[in-house]
Asks: 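Handing you a structure now.
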Amino acid sequence: MPELPEVENTRRGLEQVVLGKTIQTIDVFWENLIVFEDSIEGWIQRLVGQTIQSVGRRGKYLVFQLNNDLLVSHLRMEGKYFYFPEQTIPEEKEKHTHLIFHFTDGSQLHYHDVRKFGRFELIQKGYAPLFFQQKKIGPEPTAEAFDINSFTASLIQSKRAIKTYLLSQVPVAGLGNIYVDEVLWMSHIHPESRADILTIEQISLLHQSIIDIMERATALGGSTIRTYRNTLGEQGRYQDELQVYGKQGTPCPKCGTLIEKMKVHGRGTHYCPQCQNKVGEA
DNA sequence: TTTAATGTTCATGA
DNA sequence: TTCATGAACATTAA
């Protein structure tokens with residue numbers, strides 16, 4: 001589940017169930033999910049006894065604030081959380097549950113990830129800004145944080161295809177393969193247009209489309225394209241508003257031309273060959 | 001059987 | 001340095 005709207009809704013769900021919970025122990029069934037320097041046992045011991053003070057988010061990363069550390073969780077393609085109060089804990093864990101947080105009140109938080117691509121990283125409190133700076137995560141796509149002048153300055157430094165550059169998280173955080181296609185369609189920009197030759201008008205429209213679409217998708221609970229569910233098991237509703245993602249062969253809502261699908265940067269890319277004019281070469 | 005799937009990260013070579 | 005490409009990670013479903 002992956003892009004910012006889905007991660008934000010996961011965060012909101014987690015916030016409702018795990019705040020104030022103290023970690024009693026953790027079962028790790030797939031060690032590769034954990035980024036650790038020493039041993040898994042040491043990693044677990046460092047977390048035991050700590051209480052979840054808040055659940056934050058930066059881009060597509062979840063940040064659990066504990067007493068002494070920050071636990072950073074990235075869901076990658078298929079990561080999900082499921083919470084079970086004491087009386088509802090299943091006899092047997094699901095096949096793809098790879099991590100179980102046992103809390104002192106008897107409840108559990110299960111991390112489920114079919115493809116095992118997700119990652120957990122423990123960092124010291126106060127190191128979040130440095131952590132995200134090293135990952136080159138751009139500003140949040142909100143009206144307050146996403147400055148159009150900085151965005152423009154970033155774009156003119158890249159000769160890459162605009163879709164590729166947006167997926168890098170550098171110019172702005174949180175866009176993935178679904179929303180990047182939506183945003184470019186909304187802005188009438190061809191996915192392979194070079195980032196550095198977009199016009200002021202195009203950048204302005206793109207900037208606003210990113211803010212609007214991310215806000216709208218988040219408000220609707222994200223998009224359930226394949227398997228996304230929030231922590232409460234609910235689907236998103238934004239998939240009903242997708243205009244081009246997965247719509248190849250159907251008429252463009254703006255001009256009626258059939259939506260096409262191509263590969264850009266190895267990713268399936270949906271666009272309208274009529275509305276989205278290619279500028280320069282990518 | 002083959003391919004593609006909401007994501008990042010690393011190696012290699014231009 | 002920068003970027004493109006491909007592979008890796010691992011599993012499922014069409």
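Residue numbering restarts at 1 for every chain, and letters A, B, ... go by the order of the sequence lines. Heavy-atom basis, side chains included; hydrogens, waters and symmetry copies ignored.
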Asks: Is Lys95(A) close enough to dA10(C) that one of its side-chain N or O atoms is under 4.0 Å from OP1 or OP2 there?
Replies: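 Indeed not, no polar side-chain atom of Lys95(A) lies that close.
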
Asks: May Phe117(A) be described as stacking on the base of dG7(B), applying a 5.5 Å centroid limit and a 30° limit on plane angle?
Replies: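 Yes, aromatic ring over the base.
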
Asks: Determine the interatomic distance between P on dT12(C) and the same-named atom on dT8(B); round to the nearest Å.
Replies: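 Nearest-Å result for dT12(C) against dT8(B) at atom P: 23 Å.
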
Asks: Would you indicate, yes or no, if dT8(B) has its OP1 or OP2 atom less than 4.0 angstrom from a side-chain nitrogen or oxygen of Lys136(A)?
Replies: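 Answer is no, no contact under 4.0 Å.
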
Asks: Just checking Tyr245(A): base, sugar-phosphate only, or nothing, at a heavy-atom cut-off of under 4.0 Å?
Replies: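 Contact class for Tyr245(A): sugar-phosphate only.
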
Asks: Give me the one residue out of Lys247(A), Lys261(A), His270(A), Gln243(A) that meets side-chain hydrogen bond (donor to acceptor under 3.5 Å, both in side chains) with Asp181(A).
Replies: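 The residue from Lys247(A), Lys261(A), His270(A), Gln243(A) that satisfies side-chain hydrogen bond (donor to acceptor under 3.5 Å, both in side chains) with Asp181(A) turns out to be His270(A).
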
Asks: Is Gly268(A) touching bases, backbone alone, or none of the nucleic acid, heavy atoms closer than 4.0 Å?
Replies: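 Gly268(A): backbone/sugar contact only, no base atoms under 4.0 Å.
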
Asks: Given dA10(C), is OP1 or OP2 found less than 4.0 Å from the side-chain N or O atoms of Asn32(A)?
Replies: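 Yes, such a contact exists.
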
Asks: So, OP1 or OP2 of dT12(C): does either fall under 4.0 Å of a side-chain N or O from Lys116(A)?
Replies: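 So the side chain of Lys116(A) is outside the cut-off, no N or O lying under 4.0 Å from OP1 or OP2 of dT12(C).
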
Asks: What I want to find out is whether Lys80(A) reaches Glu78(A) closely enough, with some N-O distance under 4.0 Å, to be called a salt bridge.
Replies: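 Salt bridge: yes.
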
Asks: Please give, in whole Å, the distance from dT5(C) C1' to His265(A) NE2?
Replies: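 Between C1' of dT5(C) and NE2 of His265(A): 8 Å.
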
Asks: Between Gln274(A), Gln202(A), Lys254(A), Gln276(A), which is the residue that forms a side-chain hydrogen bond (donor to acceptor under 3.5 Å, both in side chains) with His188(A)?
Replies: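 Single side-chain hydrogen bond (donor to acceptor under 3.5 Å, both in side chains) partner of His188(A) among Gln274(A), Gln202(A), Lys254(A), Gln276(A): Lys254(A).
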
Asks: For dA4(B), does either OP1 or OP2 sit under 4.0 Å from a side-chain N or O belonging to Lys261(A)?
Replies: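 So the side chain of Lys261(A) is outside the cut-off, no N or O lying under 4.0 Å from OP1 or OP2 of dA4(B).
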
Asks: How far apart are the closest heavy atoms of Ser187(A) and Val183(A), and which atoms are they?
Replies: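 Of all heavy-atom pairs spanning Ser187(A) and Val183(A), the closest is OG-O, 2.7 Å.
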
Asks: Please determine whether a side-chain nitrogen or oxygen atom of Lys60(A) lies at a distance below 4.0 Å from atom OP1 or OP2 of dT8(B).
Replies: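 Yes, such a contact exists.
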
Asks: Going by purine N1 to pyrimidine N3 plus the second Watson-Crick contact, or the G-U wobble pair, all under 3.5 Å, which nucleotide sits opposite dA8(C)?
Replies: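 Its partner is dT8(B).
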
